[in-house]
Amino acid sequence: MKPMCRTMIPFTLSVITTAHLSVAFAPEHTGIGSERTKFNRALIRLASAPEDTSKPSVYEYNGQCHRFNGEVFAKSNCWGRRPFLMRGAFDPGLLLDKNICGDDNSWPTWDDVVDIASDDDSESRVISHKPGDEESYELLLGPLSESDVNEWVSKASTSKSRERKTLVVNDVDRFYPRLADWIHNNFRFLPNWRMDDGQISLSEEMGGIGPHVDNYDVFLIQMTGTKLWQVGLEKLSAKDEMDRTVNGLDVRVLDRWGANTEFEDFTLNPGDLLYLPPRIAHSGTALTTGCMTLSVGCRAPSVSDLISRLAENLSSSIEENAVRRYVDEDLLDGDAGVFSPGLLTETSKHQARQLVLDSLLAMLGDDVWWDEFFGKYATEQKRVRLNYPVPLGDVGFEESEAANDIFANAEATIRSVLDGQAVLYHAEGITFAYSTLPKNEVNQTVHRLFTNGEMWQSQSETSKTKNDCMGCLFQAVANHRKLDSQLLLSCIGGDLQCGRYLEAVKFLQELVTLGVLYAGES
C-alpha cells in the first residue's frame with residue numbers, strides 16, 4: 001500500500017517503520033471491572049484552573065468557546081498539571097467527510113486506518129484481552145494479514161470467546177498527509193520538537209489496552225463511537241508504576257485497577273477531547289463497536305535519554321573535552337614506605353570525578369555547542385525508520401517523465417515553487433526547528449535550522465531575523481508546514497543575481513534533495 005498522498009507528490013511514497021519500542025507498547029486501557037470506586041463530582045472545578053494540583057482532578061471546560069484552540073487550553077493552566085476535558089472540541093462529521101472539491105477528509109476513516117495497518121512499512125499492533133481479567137492481555141505485532149483486514153473492515157467480532165481486541169496504529173499522520181495538516185494547524189501552540197505522532201486505535205465493544213501510565217502529554221480525541229475513560233487522581237512515580245505492573249505480559253498493565261486507584265469516570269462521544277499530562281494513570285474502554293480514538297502524543301527527553309546521546313556524541317568526538325585523559329603527575333610523590341598497590345585512594349577518585357565534571361561543564365557551559373547538540377537531538381526522528389525520508393533521487397521517475405516533470409529534480413522543483421506553480425511541504429513525521437544565537441566574537445549573529453538530526457547555519461551582521469535573508473528563511477521553513485512562493489520570496493527577495501538569493505535557493509534545493517521537503521501542486 002502506498003501512503004495517501006497529495007496530487008503530484010512523488011516524494012511521499014513508501015516509507016518504513018520497523019521499531020516497536022517499549023513505549024509504543026504502553027497499554028491504553030482495560031475493560032471495566034465488576035467493582036468501581038465512585039467519587040464526588042464536586043472535585044471538578046468548572047470555572048477556573050486550580051491552585052492546588054496535588055490531586056490533579058479533571059478540569060472540565062465550560063466556557064463560551066465551542067471549539068478547541070490553543071488559547072482556550074492555555075488559559076485552563078492544565079498543561080503538565082492536570083487533565084483537561086472539552087466536550088464537542090471538534091466536529092467529527094466535518095472532519096470525516098470529503099469536502100466539496102472531493103479532497104480527502106482531514107481524519108482518516110476506519111477503513112483507511114485498517115489499510116495502513118496492513119502495510120509492511122507501518123507500525124501497528126493488536127492488543128487482546130478478556131474483560132475483567134488483568135492477566136489476559138496479549139500482544140500481536142503487525143502488519144495485519146489479509147484475513148485480519150477483512151475482519152477489521154467488516155467490524156465483525158474477531159473474538160470466538162469473551163476476548164476483545166484493539167488495533168493500534170502509530171504514525172498515521174505520516175501515511176495520511178491531511179491528518180498531518182490537521183494536527184499542525186490545531187496544535188501549533190506547542191513547539192515542533194515536542195510533537196510526536198498521530199496514533200489511532202480501533203476497538204470492538206469492551207475493547208481496550210489496559211490501565212497504564214504514559215511518560216508524555218497526550219490529547220485523546222474521540223473520532224467515532226463512545227469510550228469510557230477512567231482517569232486517576234494522582235500522578236504515579238516510575239517506581240510506583242513498576243511495583244504495580246502485572247508481571248509476564250508484553251504490554252504494561254497496572255494491576256488491581258479498581259481496588260488500588262482513585263479515579264473519575266468520563267464518557268467521551270465523537271468530537272470530545274481529553275488531555276492527560278504525564279504520569280496520570282488512565283484506562284479507556286470502548287462502549288460501542290466501531291470505536292475510533294485519535295491520540296496526539298507529545299515527547300519529552302528524560303535525563304537518561306540526553307546523557308545517553310551525549311555519551312554517543314563524546315565517543316566519536318575528537319574535541320579536547322572528549323579525549324582528555326586522567327593524569328596523575330604526583331603519583332610517586334610522597335612516602336613510598338606506606339604505599340598499598342590495591343588501594344583506590346581518595347585522591348585518585350577525586351581526580352577522576354573532577355576530570356569528568358570539568359569536561360562536562362566546559363561543554364554544557366558552551367551555549368554554541370549545546371545549541372547544536374540539542375537542536376540535532378530534538379529533531380531526530382522519534383522512531384527508527386529505514387530509508388525515510390525518501391531522497392529525491394530515489395523516487396523513481398521514468399526518464400521520459402523526468403524530462404517534462406516540474407518535480408523531476410531539485411532545481412526544477414524550487415524554480416516551480418518560486419514561480420507559484422507548486423508549494424513545498426514538510427515530509428510527514430519530520431521535525432523542523434530553528435535557533436538564533438547572540439552576536440559572536442566577530443559581531444555576527446548565528447542563525448541555525450535543524451531537521452532530521454542535521455543542522456544548517458548562516459551568519460549575519462544583524463540580530464533581527466526578519467532583516468536577514470537566511471535567518472528569515474530558516475524561521476519560515478521551521479514554522480510553516482506549507483511553503484508557498486509568497487512566503488519564500490518575502491524572505492529571499494526576487495533578485496536572481498543576489499548572492500543571498502542564490503544561497504537561499506541552494507539551501508532549499510538541498511532540503512528537497514534530502515526528502516525532508518517535498519513539492520505538490522499549488
Side-chain angles (χ1 to χ4, degrees), residues 1-7 9 12-17 24 28 68 89-126 142-144 148-155 165-187 195-204 207 209 218-227 268-273 284 286 288-297 383 388 425-430 481-482 520:
M1 184 197 84
K2 294 181 180 179
M4 302 167 192
C5 303
R6 305 174 192 278
T7 306
I9 306 179
T12 56
L13 301 181
S14 63
V15 293
I16 298 176
T17 299
E28 194 178 77
F68 177 80
F90 302 104
D91 183 346
L94 180 65
L95 294 167
L96 283 167
D97 292 336
K98 293 183 181 295
N99 63 29
I100 59 175
C101 299
D103 295 330
D104 287 337
N105 31 286
S106 294
W107 286 355
T109 64
W110 178 284
D111 289 356
D112 290 333
V113 177
V114 173
D115 195 27
I116 292 170
S118 69
D119 194 311
D120 290 339
D121 296 340
S122 69
E123 181 178 318
S124 62
R125 58 202 180 276
V126 175
L144 296 181
D148 291 333
V149 169
N150 293 334
E151 289 177 340
W152 280 101
V153 167
S154 68
K155 298 183 184 178
K165 295 182 180 179
T166 295
L167 170 64
V168 182
V169 187
N170 281 97
D171 286 339
V172 176
D173 50 320
R174 185 163 55 87
F175 288 83
Y176 200 91
R178 290 296 296 270
L179 178 60
D181 293 340
W182 184 85
I183 291 174
H184 175 81
N185 293 335
N186 285 279
F187 294 89
M195 301 302 294
D196 186 5
D197 72 332
Q199 172 189 286
I200 293 180
S201 63
L202 311 181
S203 292
E204 302 175 323
I209 62 173
V218 63
F219 296 85
L220 301 161
I221 302 154
Q222 196 61 26
M223 301 172 69
T224 62
T226 304
K227 179 172 278 189
L268 265 61
N269 296 303
D272 292 348
L273 173 146
T288 59
T289 293
C291 181
M292 292 179 68
T293 302
L294 168 63
S295 301
V296 178
R383 293 174 183 81
Y388 187 80
Y425 294 94
H426 290 181
E428 285 72 32
I430 299 300
R481 174 165 156 70
K482 177 182 176 181

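We count residues from 1, following the sequence as given. Just so it is clear, the model here is predicted, and its values are computed rather than measured.
Residues V218 and Q199 form no side-chain contact, since every pair of their non-hydrogen atoms from C-beta on lies 4.5 Å or further apart. Using a 4.5 Å heavy-atom cutoff, the side chains of W107 and I200 are not in contact. Counting only heavy atoms from C-beta outward, the side chains of M223 and P92 never approach each other to under 4.5 Å. Side-chain contact between C291 and Q222: present, with at least one pair of heavy atoms (C-beta onward) separated by less than 4.5 Å. For the pair D148/E151, a side-chain contact is recorded, criterion being any heavy-atom separation below 4.5 Å from C-beta on.
Taking all atoms of both residues into account, the shortest heavy-atom contact from Y176 to N105 is OH-O, 2.8 Å. Considering every non-hydrogen atom in both T288 and G225, the closest pair reads OG1-CA, 3.3 Å. Closest non-hydrogen pair, R174 versus D121, comes out as NH2-O, 3.8 Å.
The only member of V169, D120, I116, V149 that meets side-chain contact (heavy atoms from CB on, under 4.5 Å) when paired with P143 is D120.
When atom types are taken as modelled, the side chain of R481 and the backbone of H426 share a donor-acceptor pair closer than 3.5 angstrom. In this structure, the side chain of T166 does not engage the main chain of S201 through any donor-acceptor pair within 3.5 Å. Using a distance-only test at 3.5 Å, with no hydrogens or angles considered, a donor-acceptor pair links the side chain of D197 to the main chain of D171.
At a cut-off of 3.5 Å, with distance as the only test, a side-chain donor of N170 or R125 sits close to an acceptor on the other residue. No side-chain donor-acceptor contact under 3.5 Å links T289 and E204.
Aromatic ring orientation, W182 versus F90: perpendicular (interplanar angle above 60°, classes split at 30° and 60°).
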